[in-house]
Amino acid sequence: MLSLLLPLAILMTQTQGAPNDPMLDVWPSAPPDGWTRSDQEAWRTDENGHFRVVSNVSHPTLEIFTSKTVKETAPTVLICPGGGYYIEAMEHEGWEIAKRLNKVGINAAVLKYRLPNRDSDKPLHKAPLQDAQRAIRLLRYNSGKYHIDPTKIGILGFSAGGHLAAVTSNTYEATYNSVDEADQLSPHPNFTVLIYPAYLEIDRKTELNPEITVTKDTPSVFIAQTEDDPIQVENAFAYALACRKVGVPAELHVWAKGGHGYGLRTKEPGLSTWPDLLIAWIQEWSRQRGS
């Protein structure tokens with residue numbers, strides 16, 4: 001079992017604005033493929049001064065948010081913040097949604113995944129996918145410690161994190177060599193949530209990119225996006241249609257206005273209901289599997 005990060009590392013994270021929750025190293029030593037960045041990890045407030053983001057990530061971590069009202073059969077959601085595989089919006093697309101889920105008895109974990117060198121590392125999602133698969137395995141391996149159900153672990157992604165969630169949901173074999181006992185467990189999520197996902201479709205068509213192959217074994221999915229999203233609502237349509245073709249349950253919500261990157265902070269009357277719709281969907285999914 002992996003140990004917690006050293007107190008100094010936890011203190012550094014707290015100063016960056018994260019809640020004081022258990023945090024795990026995703027990898028016990030160096031990450032797969034010897035992949036690291038030469039530049040230092042950097043935290044800052046976004047250009048509008050609204051939320052905290054991180055860049056230049058070489059050291060991925062998994063922060064656990066266990067609900068105080070949780071049941072042993074409650075689902076757990078692995079959250080992948082967005083940011084174009086350039087930054088990660090850890091505050092409003094990570095910690096805030098984790099705490100919102102905790103309030104209704106749903107566990108969460110926020111993944112700070114590695115960010116590639118955009119000028120040289122292709123595909124951009126390779127290292128993040130390894131981190132996401134490893135994070136799911138760590139949640140299952142530590143399920144007894146954190147009192148979570150290893151059969152009810154879903155993945156939620158915003159924007160580029162939505163792409164990561166979709167790729168992880170449709171990749172069945174591990175993309176790295178086993179490093180410990182946790183890697184004997186499945187890296188595949190039990191359900192999927194895509195919030196204003198990016199990079200799923202090709203040329204504004206309802207056709208998925210080749211790294212995403214939806215099959216009958218793809219997990220059930222909840223999708224939310226707006227028609228005026230500059231990242232293109234066709235991302236949501238393409239994934240939902242692919243699920244429909246193979247009989248995978250997909251709940252799709254589309255609103256006229258709201259743009260992109262809002263997290264829980266939208267003021268659009270209809271769009272602001274998306275977290276409640278998601279929670280109802282997760283709770284019903286869990287109930288059908290024994291809650």
Side-chain angles (χ1 to χ4, degrees), residues 32-33 35 60 75 77-85 111 113-116 118 121-137 139-140 151-178 183-225 229 231-254 278 281-282 285 289:
D33 305 325
W35 189 96
V77 180
L78 175 66
I79 301 169
C80 303
Y85 290 123
L111 176 63
Y113 50 89
R114 287 173 290 166
L115 291 172
R118 297 180 64 84
D121 294 329
K122 302 291 183 180
L124 294 178
H125 66 271
K126 179 180 179 181
L129 173 59
Q130 292 174 335
D131 295 343
Q133 289 188 317
R134 172 70 177 175
I136 291 170
R137 285 171 153 175
L139 289 172
R140 292 197 166 110
T151 69
K152 293 183 178 181
I153 296 175
I155 187 168
L156 181 160
F158 294 90
S159 193
H163 176 265
L164 176 56
V167 173
T168 305
S169 297
N170 292 282
T171 303
Y172 301 92
E173 299 298 327
T175 54
Y176 62 91
N177 294 326
S178 175
D183 288 333
Q184 303 308 306
L185 302 174
S186 172
H188 200 238
N190 301 114
F191 62 89
T192 307
V193 180
L194 307 178
I195 307 299
Y196 44 84
Y199 315 138
L200 303 188
E201 51 78 35
I202 302 174
D203 298 328
R204 302 195 70 152
K205 301 176 182 177
T206 53
E207 179 182 350
L208 290 174
N209 274 317
E211 68 265 19
I212 303 170
T213 301
V214 171
T215 71
K216 62 180 179 59
D217 296 318
T218 295
S220 300
V221 61
F222 178 100
I223 312 170
Q225 200 152 19
D229 190 333
I231 301 299
Q232 301 166 2
V233 72
E234 283 83 1
N235 286 282
F237 294 153
Y239 199 90
L241 181 59
C243 288
R244 177 178 172 81
K245 288 179 177 178
V246 296
V248 171
E251 182 163 322
L252 172 63
H253 294 271
V254 177
L278 170 61
W281 181 85
I282 293 175
W285 179 93
R289 285 152 185 81

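Note that the structure is predicted; figures quoted are calculated from it, not measured.
Looking at heavy atoms from C-beta onward, S186 lies out of side-chain contact with Y172 at the 4.5 angstrom threshold. For the pair P75/R289, no side-chain contact is recorded, criterion being any heavy-atom separation below 4.5 Å from C-beta on. Contact annotation: the side chain of I223 approaches that of L252 to within less than 4.5 Å [non-hydrogen atoms, C-beta and beyond]. Within the 4.5 Å cutoff, the side chain of Y196 has heavy atoms near those of the S159 side chain. Inter-residue side-chain proximity for S169 and V214 is flagged as unmet; no heavy-atom pair is nearer than 4.5 Å. At a threshold of 4.5 Å between non-hydrogen side-chain atoms, the residues R134 and D183 count as touching. Using a 4.5 Å cut-off on side-chain heavy atoms (C-beta onward), V77 and F191 make contact.
In this structure, the separation between CD1 on I155 and CD1 on I79 is 10.5 Å, given to the nearest 0.5 Å. To the nearest 0.5 Å, the span separating CD1 on I195 from SG on C80 amounts to 12.0 Å. Here the straight-line distance linking atom NE2 of H188 with atom CZ of R137 works out to 12.0 Å at 0.5 Å rounding. From L129, atom CG reaches atom OG1 of T175 across 4.0 Å, with rounding to the nearest 0.5 Å. Going from atom OG1 of T206 over to atom CG of L200 covers 12.5 Å, rounded to the nearest 0.5 Å. Put simply, CH2 on W285 and OG1 on T192 are 10.0 Å apart, with the number rounded to the nearest 0.5 Å.
Closest non-hydrogen pair, P197 versus A224, comes out as CD-O, 4.0 Å. When all heavy atoms of Y85 and A160 are compared, the pair lying nearest together is OH-O, 3.4 Å. Heavy atoms only, all atoms of each residue included: I231 and A198 are closest at CG2-CB, 3.4 Å. Nearest heavy-atom pair across P219 and P189 is CG-O, 3.4 Å. Taking both residues in full, the closest heavy atoms of G157 and A165 are given as N-CB, 3.9 Å, listed atom of the first, atom of the second, then distance. Counting all heavy atoms, side chain and backbone alike, G82 lies closest to Y113 at CA-OH, 4.2 Å.
Evaluation of the side-chain hydrogen bond (donor to acceptor under 3.5 Å, both in side chains) test over residues 231-243, restricted to residues two or more places apart or in two chains, returns N170-Y239. Pairs passing the side-chain hydrogen bond (donor to acceptor under 3.5 Å, both in side chains) check and including a residue from residues 241-252, sequence neighbours excluded, read E251-H253.
The aromatic rings of F222 and W281 sit tilted, their planes meeting at an angle between 30° and 60°.
Under a 3.5 Å cut-off, the side chain of T218 and the backbone N or O of T215 do form a donor-acceptor pair. Remark: the backbone N or O of K205 is not paired with any side-chain donor or acceptor of D203 at under 3.5 angstrom. Side-chain N or O atoms of Q133 include one that pairs as donor or acceptor with a backbone N or O of E173 at under 3.5 Å. Panel note: side chain E201, backbone A238; no donor-acceptor pair is recorded below 3.5 Å. Of the possible donor and acceptor atoms, one in the side chain of N190 sits under 3.5 Å from a partner among the backbone N and O of I153.
Residues passing the side chain to side chain contact (heavy atoms under 4.5 Å, CB included) test with P249, sequence neighbours excluded: S220. By the salt bridge (Lys or Arg N to Asp or Glu O under 4.0 Å) test, D131 is found to be paired with R114, residues two or more places apart in sequence or in another chain being considered. Every residue was checked against the salt bridge (Lys or Arg N to Asp or Glu O under 4.0 Å) condition with D217, not counting sequence neighbours, and none meets it. Under the ring pair (Phe, Tyr, Trp, His ring centres under 6.0 Å) criterion, Y176 pairs with W27, not counting sequence neighbours.
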Problem set entry | Steps toward side-chain contact (heavy atoms from CB on, under 4.5 Å) verdict (L124, H163) | CA-CA 11 Å; L124 294 178; H163 176 265; over 6 Å; no
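Neither side chain, H125 nor Y199, offers a donor N or O lying under 3.5 Å from an acceptor on the other.
Between L156 and the choices I282, V193, L78, the side-chain contact (heavy atoms from CB on, under 4.5 Å) rule is met once, by V193.
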